[in-house]
Every structure is written in C-alpha cells, then in structure tokens.
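Take a look at the structure set out below.
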Amino acid sequence: MDGNSEVNIGLMGLGTVGGGVAAALSGNADAIRRKTGRTVRLRKALVRDTAKARQPVPPPGVLTTNPEDILNDPEIQIVVEMMGGDSPAGSYLERALTAGKHVVTANKEVMSRRGPALQSLAQSQGVNLLFEASAGGGIPIVGCLMSQLLANDIRSIRSIINGTTNYILTRMARSQTPFAEALIEAQDRGYAESDPTNDVEGIDAAYKLSVLGSLAFHQPIPHHVIHTEGISRLAPEDFRYAAELGYAIKSLAIAVAEPDGSVQARVHPALVPDDHLLAKVDGVYNAVEVTGDLCGQIILHGQGAGRDATTSAVMGDILNILRTIDNDAGPPPMPGIAGADDPEGLLLPIDELSSAYYLRLTCADQAGVLAQIARILGDGNISIATVIQKDTDPGSGTAQLVITTYPSRESDVQTALAAVAELGVVVSVNNLIRIEQ
Ligand code: NAP
Ligand code: HSE
C-alpha cells in the first residue's frame, strides 16, 4: 500500500460516540492524511434503524443493518465498534479479528468479559485491538498503562471512572438537585449507558476497573468479583453531614495490589477528604490516580464521557493503527493480561477490607441510646472517631445519629451493624459509607 492509498473503515454503531467518530473521519480528513499519510474512507456504518435522523448525515449507501456488510467485506481494514453491550458486539469483534481486521472498540463490557481472549486472538492474527475509550472517556489512561507506565510495578488505582454518577453526585451535592432529575440531565448530555442502571449501580465502573486493573496488575480482574455498590442509597442529608465533617461523597473505583500478590478491587460511594484531588473532580469529569513504584503518584483528569471526549480516544486509536497499518512486523505484542489459573482466588473479599466508616442511623431521641450503640461497636472492636446528633424531630421523637469510626475490619462492622439494627431504639440504619483516608 503506498502512502496515499485509502484505508476503509467500518463503523459498528452511530450513536453518541459513533456520530462523533463519523464527523471526525469526514471533518478531519485532511489532518488525518497529514498525520498518518493515509486517506480514510467510511465505507459502512452498522445501525439498528436506518430511518433515524443523524448528525452528520451519513453519505448515501453507508448505513446498513446487516453486520455481514462489514464483517465480510475484504476491503474494510479497520472495524470500529461503538454499539455497546456484550451481545452481539463481542461476537462481531471476534469475527472481525478472525477475518484479519484491526479493531478499535469503546466497549468496556466486551473488554471486561472477553478482553484476554480477544487480545490473544488479535495477537495470533497480527492485528491491533485498541480500546482507549473503554475506560476514562477522553483520559488516555489505557494507553498509559499499556505503554508509558509499563516499567512500573503498579501498587494501586483509585479513580472516578463513571461520568454519569459523578455528574449526578455533583448536582446533588452542589444544588440539591433530586437524583432522578440529575440522571435525566446526564442522559440528555449523552453520558449515560443505554440502560443507566449500569451507571447508577456501579456496574459500568466495575467493567472499567476490570479493564484498568487487568492492565495494571497483568492478571484478569473479572468484573463480577469486584465488590460493587451503586449510588442510589445516598440521600441529601448524607451530602450535608459529609460536608460538615470535611468530606465530599464520590463513587470510587479502587484496585490495590497487596504485598502477597492478591488484589483488592471495589466500586462504591466513599467519603473523600475535601483537600484530596479526587474530592475536587466534578461533573462529567473523571480522574484516575495511579501509584507505581517508579512514577510515584500520578493523577490523570479529564472528561470521562460525552461525544467529543470519547471521540478523541477512539480517533487516537484509529490514527495509531493508520500509522502502522503497513508495518510487516505487525503490532508489538500486547503487554498482556497473563492468564491466571484462578483469577477470582486472587481477589480479596470485601470482608477483609480495613477502612474507616461513616454510619447514619435514625434513632429514638432518648437517653442511653448512644451508650447501647457504642457498646455494640466496642464489643466488635470498632473504635468511634466522631458522633454527631442531627435533625431531631420532636414529632416522631427521633433524631439522626452520624458516627464515624477509625479503621476497622469490614466484617466486624457489618456484624455490629446487624446487631445495632436489632436494637429497639434504632428506627433504621440509613447508610454505611466507607471513608477513604
Ligand atoms: P448509543 O448512543 O446508544 O449508540 C449505540 C449505537 O449502536 C446506535 O447507533 C445503535 O443504532 C447501534 N446499535 C446498538 N445495538 C445495535 C445492534 N444490535 N445492531 C446494530 N446497531 C446497533 O451509545 P453510545 O453512548 O454512543 O455508546 C457506544 C459505546 O461507547 C458503548 O460501549 C459505551 O459504553 C461506550 N462509551 C460511551 C461513552 C459516552 O459518553 N456515551 C463514553 C465512553 C464509552 P441506532 O442508532 O439505529 O439505534
Ligand atoms: N456511561 C459512561 C459514563 C460513559 O457515564 O461514564 C463513559 O464510559
């Protein structure tokens, strides 16, 4: 192929992200030629509904509802998947790689579920499989872990990697916007998944943590064994009380390598000290803090979702492939995710976590209540750091009790909490949130 020859691209999906990529392929064609020496042509774009109004309007003959028009077309060298979901996208990617096509995907679910198998397939076929947009939106964290940070022994990843939940939490904290209203705003802006349950319940972040953790620790981190909690239990008073205590509430995705080689991986809301950088990450912004033995602590910050930011990540992958597409040596070997015999066994159960906690209870507003609760916590080896009584309601004779603890073992806290919930003076255990120090 000479330097000016065309490279044909097949897009799978032409929604928020696919629409941005289609616009960049046509609008930035000259810049792409300058940067890569290649002319790109959008040959086919797979959608569900060809009658849907789209911006930009696809050239005539480009839209198709038949995946075979891409998978069986020998002229298409690069397949870019932006459909979402594991099925059918995962099998399409497998077929594209088997057919010797380079693949770019924004699909964290596929990469989380099938990443190691697809990577081996790409390797054996001598083609690229790039997936920068699958985690962190416009933040180039995947490329960093795969190349620039490769020399490091990565110790931990602490991150905010779901734009929808961070947008919702920011709106709830800053302007007391109700959860449902903030979610609709995030959907209107194109941040949310087609089923926003995945965002709100932490599943999307668990897929992304699975991708990042696997790259960081060179072993599969299956998403289904990542301890995952969503944000739907958070109430306006949690934001108020947390702020009074000097914390923001963020949904964090954390993976930590323990000295014995096991990995602790979890996604859940957490209280983050106001002066920590992650506490200042607002709106659709994401941030990933990586700690490595050589690089120390690095924080990458940027837009984690949305058309333009995600297009940046997908287009970066496409341009990287265009620059090396004629390289006879094929792509360099993936800094792989070596198959572990028992990847699940390497993950520490959440019960073994040691963390400080924020606990909010509704209790009878009467003498002796705190003593009963403190006795149970003390018996469970849980040391109280602060106690505040808030929002007394003379009508019902109840008050909110907010307790923070020193670092304690999760299993002890859960056992004590179950006993506290049984006390006659406790109306409800409203929330238990881990505090990241
Ligand atoms: P979207 O707006 O819902 O678009 C999905 C596109 O895929 C649509 O064009 C849809 O066709 C097409 N499609 C879906 N299922 C299909 C099927 N079975 N057959 C044919 N076409 C199908 O989704 P998106 O927000 O662009 O997200 C796409 C991918 O990027 C997902 O993996 C997502 O997780 C990832 N991602 C999204 C963002 C973001 O900010 N949105 C950021 C990073 C990564 P129709 O248009 O005909 O409905
Ligand atoms: N729904 C995802 C988010 C899109 O809100 O972060 C980016 O992956």
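Since the structure is predicted, the reported quantities are computational estimates derived from the model, not experimental observations. Numbering of ligands and ligand atoms starts at 1, following listing order.
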* To do: Name all pairs fulfilling the side-chain hydrogen bond (donor to acceptor under 3.5 Å, both in side chains) condition that reach into residues 244-259, sequence neighbours left out, sorted by first residue then second.
  =>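 Found Asn166-Lys250, Glu244-Lys390, Lys250-Asp282, Glu258-Gln264.
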* Sort out the contact shell of ligand 2: every protein residue with a heavy-atom distance below 4.0 Å, listed by chain and number. =>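 Residues within 4.0 Å of ligand 2: Lys108, Asn162, Gly163, Thr164, Tyr191, Ala192, Glu193, Asp199, Asp204, Lys208, Gly304, Ala305.
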Check ligand 1 for N or O atoms under 3.5 Å from a protein N or O and list each pair with its distance.
from, atom 1, to, atom 2, distance (Å)
ligand 1, 2 (O), Thr16, N, 3.0
ligand 1, 2 (O), Thr16, OG1, 3.3
ligand 1, 9 (O), Leu14, N, 2.8
ligand 1, 9 (O), Gly15, N, 3.1
ligand 1, 11 (O), Arg48, N, 3.2
ligand 1, 21 (N), Arg48, N, 3.4
ligand 1, 26 (O), Thr16, N, 3.2
ligand 1, 26 (O), Val17, N, 2.9
ligand 1, 34 (O), Lys108, NZ, 2.7
ligand 1, 34 (O), Glu193, OE1, 2.8
ligand 1, 34 (O), Glu193, OE2, 3.2
ligand 1, 40 (O), Gly190, O, 3.4
ligand 1, 40 (O), Gly306, N, 2.7
ligand 1, 41 (N), Gly190, O, 3.0
ligand 1, 46 (O), Lys52, NZ, 3.2
ligand 1, 46 (O), Arg54, NH1, 2.9
ligand 1, 46 (O), Arg54, NH2, 3.2
ligand 1, 47 (O), Arg48, N, 2.9
ligand 1, 47 (O), Asp49, N, 2.9
ligand 1, 47 (O), Arg54, NH2, 3.0
ligand 1, 48 (O), Arg48, NE, 3.3
ligand 1, 48 (O), Arg48, NH2, 3.1
ligand 1, 48 (O), Lys52, NZ, 2.7

Decide whether [X] and [Y] meet the rule of one side-chain donor and one side-chain acceptor closer than 3.5 Å.
X	Y	result
Thr362	Gln400	yes
Asn107	Thr105	no
Tyr191	Glu185	no

* By salt bridge (Lys or Arg N to Asp or Glu O under 4.0 Å), which residues pair with Arg158, not counting sequence neighbours? ->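 With neighbours one apart ignored, the set is Glu289, Glu436.
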* For Leu252 and Arg434, run side chain to side chain contact (heavy atoms under 4.5 Å, CB included): C-alpha distance rounded to whole Å, both residues' side-chain angles, the deciding distance at 0.1 Å, then the answer. => CA-CA 10 Å; Leu252 297 188; Arg434 296 175 192 88; over 6 Å; no
* Asked: Taking NZ, NE, NH1 and NH2 as the nitrogens, is one of them in Asp86 or Lys108 under 4.0 Å from a carboxylate oxygen of the other?
  ->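 Salt bridge: no.
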* Asked: Would you say the side-chain atoms of Glu81 pair up with the backbone N or O of Gly13, donor to acceptor, closer than 3.5 Å?
  ->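 Flag not set: sc Glu81 to bb Gly13 has no pair under 3.5 Å.
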* To do: Would you give the length of the straight line joining atom OG of Ser355 to atom OH of Tyr406, rounded to the nearest 0.5 angstrom?
  =>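 Rounded to the nearest 0.5 Å, the OG-OH separation comes out at 14.5 Å.
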